[in-house]
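Position 1 is the first residue of the sequence; numbering continues from there. Everything numeric here is computed off the predicted structure, so don't read it as measured data.
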Amino acid sequence: MHAQMLFSASRTRVITSIARFQNLGHHRCMSVRPLKYDHLTNTPGESFPQKQASPPPRKKVTIASLHALRQERTPITVLTAYDYPTGRAASTHGIDVTLVGDSLAQVCLGYASTTSLTLDEMLHHCRAVARGTSAPLLVADMPFGSFYAGKEDTVRAAVRMLQEGNVEAVKLEGGSEIAERVQALTSIGIPVMAHVGLLPQRHTALSGYRVQGRTAQSGRSILRSALALEEAGAFSIVLEAIPSSLAAYITSRLKVPTIGIGAGPGCSGQVLVWDDVMGTWAGHKAKFVRQFGDVKSEIERGVNAYASAVRNGSFPRHEKEGYEMDEGEIEKLLEMEGDQEWTWSPPKLISD
């Protein structure tokens with residue numbers, strides 16, 4: 001009896017361990033190291049080669065590793081993502097920080113500006129990007145209005161973004177006037193990326209998307225804001241649409257990495273919007289945007305080719321892209337329906 005109890009307890013522990021191991025594949029691990037894998041290689045003298053060796057998994061990017069890149073003067077790469085495919089692409093191809101930007105309001109949802117985006121809409125996109133993200137640090141914009149009412153509302157919204165959106169850090173637009181809100185978050189362990197210079201969420205108050213910091217006074221105001229936000233605990237600061245010399249000077253004054261967008265090459269890293277990089281955005285393009293891919297042309301080619309193939313009957317091809325039913329079974333069906341006169345001949349296969 002005692003031996004049976006021991007066996008039953010041991011069996012329960014094994015089953016529980018297996019279940020826990022299987023569950024690891026369904027959740028992103030944020031506070032533990034990524035799993036390591038021993039990749040198979042060909043052994044000399046073997047008659048049958050084993051599976052080809054693949055590169056080891058990327059190391060998880062952390063705040064500490066971003067600071068290390070800054071110290072080494074290795075530029076940090078940041079790219080926006082809005083769904084599972086774009087999140088996976090950023091993760092697969094070596095991006096350091098994936099940003100779920102509130103620019104999704106325009107490029108994904110068709111809004112006129114980022115101010116229309118709600119917290120619930122942002123959370124939906126955060127979850128999708130998180131499912132495709134492994135190595136990059138995952139940051140998301142706090143939408144317009146979600147951190148304006150006070151520190152309690154700021155904390156409540158940020159907690160939702162971490163718990164429900166599965167992101168690892170949040171980004172807030174604003175200067176020294178939001179330093180207390182940033183400190184409220186960092187003091188309880190919520191990492192914050194700050195954002196100064198041009199603030200798209202305040203484009204109406206700024207009379208449009210204009211370059212900031214062109215005068216000594218306005219440049220000093222941006223510098224003071226950056227220093228205040230660093231003091232409040234921000235681990236990195238985005239500098240948007242400010243003169244290159246000012247951005248380089250601010251970067252030299254800060255101890256945290258700066259991420260430039262329209263701020264020149266003197267920053268610790270750079271960020272661009274996915275649709276600008278891939279050439280899919282049809283709206284206004286800022287001076288600082290550079291297109292690195294031509295996805296728009298491929299989309300046009302693919303959609304037009306598909307529509308043409310459907311209309312001319314070349315898609316789908318019966319033999320290569322269809323499924324068969326035994327002739328006897330279709331005859332039985334027609335007999336059941338009393339429709340034995342019905343006949344059908346597949347279109348002639350169009351050769352490639």
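When Val256, Thr258, Ile259 are each tested for a side-chain contact (heavy atoms from CB on, under 4.5 Å) with Thr251, only one passes: Thr258. Val97 pairs with exactly one of Thr77, Val271, Val78 by the side-chain contact (heavy atoms from CB on, under 4.5 Å) rule, that one being Val78.
The nearest pair of heavy atoms linking Gly279 to Gln291 is CA-CD, 3.6 Å. Nearest heavy atom pair, residue Tyr249 against residue Ser252, reads O-OG, 2.6 Å. Taking each heavy atom of Gly101 and Tyr82 in turn, the nearest pair found is O-CE2, 3.5 Å. What you find for Leu229 and Ala179 is that their closest heavy atoms are CD2-CA, 4.1 Å. Nearest heavy-atom pair, Cys267 versus Ala247, reported as atom, atom and distance to 0.1 Å: SG-CB, 3.9 Å. When all heavy atoms of Lys59 and Ala135 are compared, the pair lying nearest together is O-CB, 3.7 Å.
Both Val182 and Leu227 are part of a single hydrophobic cluster, where members link through side-chain heavy atoms under 4.5 Å apart. Under the 4.5 Å side-chain contact rule for hydrophobic residues, Leu123 and Tyr148 share a cluster. With hydrophobic clusters built from ILVMFWY side chains whose heavy atoms lie under 4.5 angstrom apart, Leu254 shares a cluster with Leu69. When hydrophobic clusters are built by joining Ile, Leu, Val, Met, Phe, Trp and Tyr residues whose side-chain heavy atoms come closer than 4.5 Å, directly or via intermediates, Leu79 is grouped together with Ile63. Hydrophobic clustering of Ile, Leu, Val, Met, Phe, Trp and Tyr side chains at less than 4.5 Å, counting indirect connections, keeps Tyr84 apart from Leu99.
At least one side-chain heavy atom of Glu173 sits under 4.5 Å from a side-chain heavy atom of Asp102. Using a 4.5 Å cut-off on side-chain heavy atoms (C-beta onward), Thr62 and Leu137 make no contact. Side-chain contact between Trp281 and Val273: absent, with no pair of heavy atoms (C-beta onward) separated by less than 4.5 Å. Using a 4.5 Å heavy-atom cutoff, the side chains of Arg127 and Arg131 are in contact. At least one side-chain heavy atom of Pro136 sits under 4.5 Å from a side-chain heavy atom of Arg58. Taking 4.5 Å as the limit, every side-chain heavy atom of Leu223 sits out of range of all side-chain heavy atoms of Val196. The side-chain heavy atoms of Arg70 and Leu66, taken from C-beta on, include no pair separated by under 4.5 Å. In this structure, Gln340 and Glu335 have side chains that are in contact, with non-hydrogen atoms separated by less than 4.5 Å.
Atom CD of Glu177 has more than 12 heavy atoms from other residues, nucleotides or ligands within 6.0 Å. By the neighbour-count criterion of 12 heavy atoms within 6.0 Å, atom CD of Glu180 is sparsely surrounded, having that number or fewer from other residues, nucleotides or ligands. The neighbour count for Glu300 CD, taken as heavy atoms of other residues, nucleotides or ligands under 6.0 Å away, is above 12. Atom CE of Met336 has 12 or fewer heavy atoms from other residues, nucleotides or ligands within 6.0 Å. Heavy atoms of other residues, nucleotides or ligands lying less than 6.0 angstrom from NZ of Lys332 number 12 at most.
For the atom pair Leu272 CG and Met278 CE, the distance stands at 10.5 Å (nearest 0.5 Å). In this structure, OG on Ser65 lies 8.0 Å from NZ on Lys60, to the nearest 0.5 angstrom. Taken to the nearest 0.5 Å, the NE2 atom of His284 stands 9.5 Å off from the CG atom of Asp276. Remark: His318 NE2 to Ser345 OG distance equals 10.0 Å, nearest 0.5 Å. Thr186 OG1 to Arg181 CZ: the interatomic distance, rounded to the nearest 0.5 Å, is 13.5 Å. Once rounded to the nearest 0.5 Å, the distance linking CE of Met142 with CD1 of Ile178 reads 9.5 Å.
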*Dump the intermediate steps for side chain to side chain contact (heavy atoms under 4.5 Å, CB included) on Phe288 and Ile261, then the final yes or no.*
CA-CA 7 Å; Phe288 57 76; Ile261 177 166; 3.4 Å; yes

*Going through the distances and angles, do Asp275 and Thr80 end up as a side chain to side chain contact (heavy atoms under 4.5 Å, CB included)?*
CA-CA 9 Å; Asp275 293 73; Thr80 66; 5.8 Å; no

*asked:* Run Glu327 and Glu331 through side chain to side chain contact (heavy atoms under 4.5 Å, CB included) and show every step you take.
replied: CA-CA 6 Å; Glu327 187 174 341; Glu331 289 177 355; 3.5 Å; yes

*Would Leu109 and His125 count as a side chain to side chain contact (heavy atoms under 4.5 Å, CB included) if you check the C-alpha gap in whole Å, the side-chain angles of each, and the deciding distance to 0.1 Å?*
CA-CA 11 Å; Leu109 302 181; His125 287 267; 3.9 Å; yes

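Using cut-offs of 30° and 60° for the angle between ring planes, the Trp344 and Trp342 rings count as parallel.
Look at Arg301 and Glu298 and you find a salt bridge, because one of the NZ, NE, NH1 or NH2 atoms lies within 4.0 Å of a carboxylate O, short of that distance. We find that Arg160 and Asp120 are joined by a salt bridge, their nearest charged nitrogen and carboxylate oxygen being less than 4.0 Å apart.
Side chain of Asp326 to main chain of Gly328: no donor-acceptor pair is present (N/O by atom type, distance under 3.5 Å, no hydrogens or angles). One N or O on the side chain of Glu321 and one on the backbone of Arg317 form a donor-acceptor pair closer than 3.5 Å. Not one N or O on the side chain of Glu164 forms a donor-acceptor pair closer than 3.5 Å with the backbone of Leu162. Judged by distance alone, with hydrogens and angles left aside, the side-chain atoms of Ser308 form no donor-acceptor pair with the main-chain N or O of Asn304 at under 3.5 Å. Counting only distance, with no hydrogens or angles, the side chain of Thr92 and the backbone of Ala89 share no donor-acceptor pair below 3.5 Å. Formation of a donor-acceptor pair under 3.5 Å by the Thr86 side chain with backbone atoms of Ala81 is not found in this model.
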Name each donor-acceptor pair under 3.5 Å that joins a side chain in residues 233-246 to protein atoms two or more places apart or in another chain, with its distance.
from	atom 1	to	atom 2	distance (Å)
Ser236	OG	Pro257	O	2.9
Glu240	OE1	His195	NE2	2.9

